[in-house]
Amino acid sequence: YRFSLHSWSYVCYALKVSSNSAWNANHIRACVLTPVGVIFSAYCSSYISIQCYQRQHMNSSINQTLFNNKEFHEFLIISSLSTFFILRRMQMLRSNIALGMNVFRVIAPSDLWAQGSFARRGIKQNVRRNKLANQAQKQLIEKYGQKYGCHHCGKREQITTRFISTTKPLRKAINRLHLFPSNFRITHYVADHIPPSKLKRSKRRKQMFFPQCNQCAIKQGISVKNNRPTLVMPVLFGNIRWWHLWLPFPFCFVLYRDYRDHDQYLSF
């Protein structure tokens, strides 16, 4: 299921569909493509799970019975969309940003000029254009980054960030002595202005700080400099979220059907 969702992200990337929540043609295409991607992933995972079950139990009739059943298709579509919707909403319960109408757009690539697919918490107060984050904001961004990952690619390097935070006093002391040509990093994540400060069309828009990894920060700088919108794919490993969880829908349907038939039998 996770691999199917990631492959659908490549489909969105090829069609230049991003998770940008701004109301435009991209948003309409994302509202159409991303729910289809969730259903497609559920179908692929269900088919593979049934095939594995058949090989273990030597039963070739289950696949034909389920995939030729109209009721199973309806159950799979409704349950896959509702499960993704509920898990996504649960993940965003403590968020301080608007989720938007389309919760399924999170599987699409992130637009480097907008809020990323994995954005969950950001800083709204005292965010000034062309001004870097202060020390308190940097600490808060580092905390958000360690907990939620980069808001564009979703990468969470917990071992690296913990090592940097643990050795922070030592790194500061070495940087003061100027023993090396370049200073050691004090934080792992940078405070990303969204929308970017140097973007001409966003000069009057209110900005927020989001945690961003160095790779996405470099790509964003090149994108803004060349005035060319760029999409970033989510990383496959290191960004597992609740909505990546797959429920065994075929087996849930079989249990539901058996329970319903048994209940109807008792009613008679």
Side-chain angles (χ1 to χ4, degrees), residues 2 5-6 8-9 12 17-24 26-27 30-31 33-35 37-38 80-128 133-134 136-158 161-162 165 187-197 202 205-213 216-217 220 231-235 237-247:
R2 176 72 182 89
L5 288 175
H6 192 72
W8 201 260
S9 298
C12 295
V17 176
S18 70
S19 60
N20 193 346
S21 60
W23 283 95
N24 48 27
N26 171 78
H27 188 84
C31 288
L33 282 176
T34 51
V38 174
S80 61
L81 292 177
S82 59
T83 301
F84 190 99
F85 181 87
I86 293 172
L87 293 177
R88 172 67 172 152
R89 284 287 183 179
M90 289 174 60
Q91 189 92 57
M92 299 292 290
L93 283 177
R94 297 182 179 180
S95 174
N96 64 345
I97 58 176
L99 183 58
M101 296 292 292
N102 182 19
V103 300
F104 305 103
R105 61 183 171 84
V106 68
I107 68 174
S110 297
D111 184 359
L112 286 175
W113 293 1
Q115 173 184 309
S117 301
F118 297 91
R120 186 169 174 184
R121 294 193 68 86
I123 299 176
K124 299 180 179 180
Q125 292 80 15
N126 299 325
V127 180
R128 299 179 181 179
N134 55 38
Q137 290 174 332
K138 287 181 180 179
Q139 293 178 358
L140 190 57
I141 285 295
E142 187 70 13
K143 179 182 176 181
Y144 289 161
Q146 291 181 13
K147 193 171 183 179
Y148 307 121
C150 173
H151 77 107
H152 278 137
C153 67
K155 181 167 58 179
R156 288 187 292 189
E157 297 181 356
Q158 296 182 356
T161 52
R162 287 181 181 178
S165 61
T187 58
H188 185 74
Y189 294 93
V190 298
D192 179 26
H193 285 88
I194 293 297
S197 299
S202 63
R205 294 176 59 185
K206 189 176 180 181
Q207 291 180 309
M208 289 183 63
F209 277 140
F210 289 100
Q212 187 183 44
C213 66
C216 290
Q220 186 188 61
L231 303 183
V232 172
M233 284 288 298
V235 295
F237 302 104
N239 69 340
I240 301 299
R241 301 296 193 270
W242 288 1
W243 60 84
H244 294 148
L245 177 65
W246 178 76
L247 297 179

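Hydrogens, waters and symmetry mates are skipped; everything else that's a heavy atom, side chains included, is used.
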Closest heavy-atom pair and its distance - [X], [Y]:
X	Y	answer
Val235	His6	C-CE1, 4.2 Å
Arg120	Met92	CG-SD, 4.1 Å
Asn20	Asn26	O-ND2, 3.6 Å
Ala119	Phe210	CB-CE2, 3.9 Å
Pro234	Phe118	CB-CE1, 3.5 Å
Cys153	Val232	CB-CG1, 4.1 Å

Residues in side chain to side chain donor-acceptor pair (under 3.5 Å) contact with Gln91, at least two apart in sequence or another chain: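 Per chain and number, Gln91 pairs via side chain to side chain donor-acceptor pair (under 3.5 Å) with no residue.
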For Ser110, side chain to side chain donor-acceptor pair (under 3.5 Å) partners two or more places apart: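 Only Ser117 meet the side chain to side chain donor-acceptor pair (under 3.5 Å) criterion with Ser110.
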Sequence-distant partners of Phe209, ring pair (Phe, Tyr, Trp, His ring centres under 6.0 Å), two or more places apart: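 With neighbours one apart ignored, the set is His193.
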Under the ring pair (Phe, Tyr, Trp, His ring centres under 6.0 Å) test, residues paired with Trp113 that sit two or more places apart: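 Trp113: no ring pair (Phe, Tyr, Trp, His ring centres under 6.0 Å) contacts found.
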Side-chain heavy-atom pair [X], [Y] within 4.5 angstrom cut-off:
X	Y	result
Arg241	Val106	no
Ile97	Met208	yes
Asp111	Leu231	yes
Tyr148	Pro211	no

Residue pair Trp246, Leu5: steps toward the side-chain contact (heavy atoms from CB on, under 4.5 Å) verdict: CA-CA 11 Å; Trp246 178 76; Leu5 288 175; over 6 Å; no
Side chain to side chain contact (heavy atoms under 4.5 Å, CB included) against Leu81, all qualifying residues, sequence neighbours excluded: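 Applying side chain to side chain contact (heavy atoms under 4.5 Å, CB included) to Leu81 gives Pro35, Val38, Ile39, Ile77, Phe104.
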Pairing residues for Arg128 by the side chain to side chain contact (heavy atoms under 4.5 Å, CB included) criterion, not counting sequence neighbours: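 Listed in chain order: Lys131.
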I'd like to know if the side chain of [X] and the backbone of [Y] have a donor-acceptor N/O pair within less than 3.5 Å.
X	Y	result
Gln207	Pro195	yes
Arg94	Arg121	no
Ser9	Ile107	yes
His152	Ala114	yes

Can you measure from [atom1] ([X]) to [atom2] ([Y]) and round to the nearest 0.5 angstrom?
X	Y	atom1	atom2	answer
Cys213	Arg156	SG	CZ	13.5 Å
Ser18	His27	OG	NE2	10.5 Å
Lys155	Gln212	NZ	CD	11.0 Å
Leu112	Asp192	CG	CG	8.5 Å
Tyr144	Gln139	OH	CD	12.5 Å
Trp8	Thr34	CH2	OG1	10.0 Å

Distance-only side-chain donor-acceptor flag, Gln137 / Asn126, under 3.5 Å: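 Asn126 and Gln137 do not have a side-chain donor-acceptor pair below 3.5 Å.
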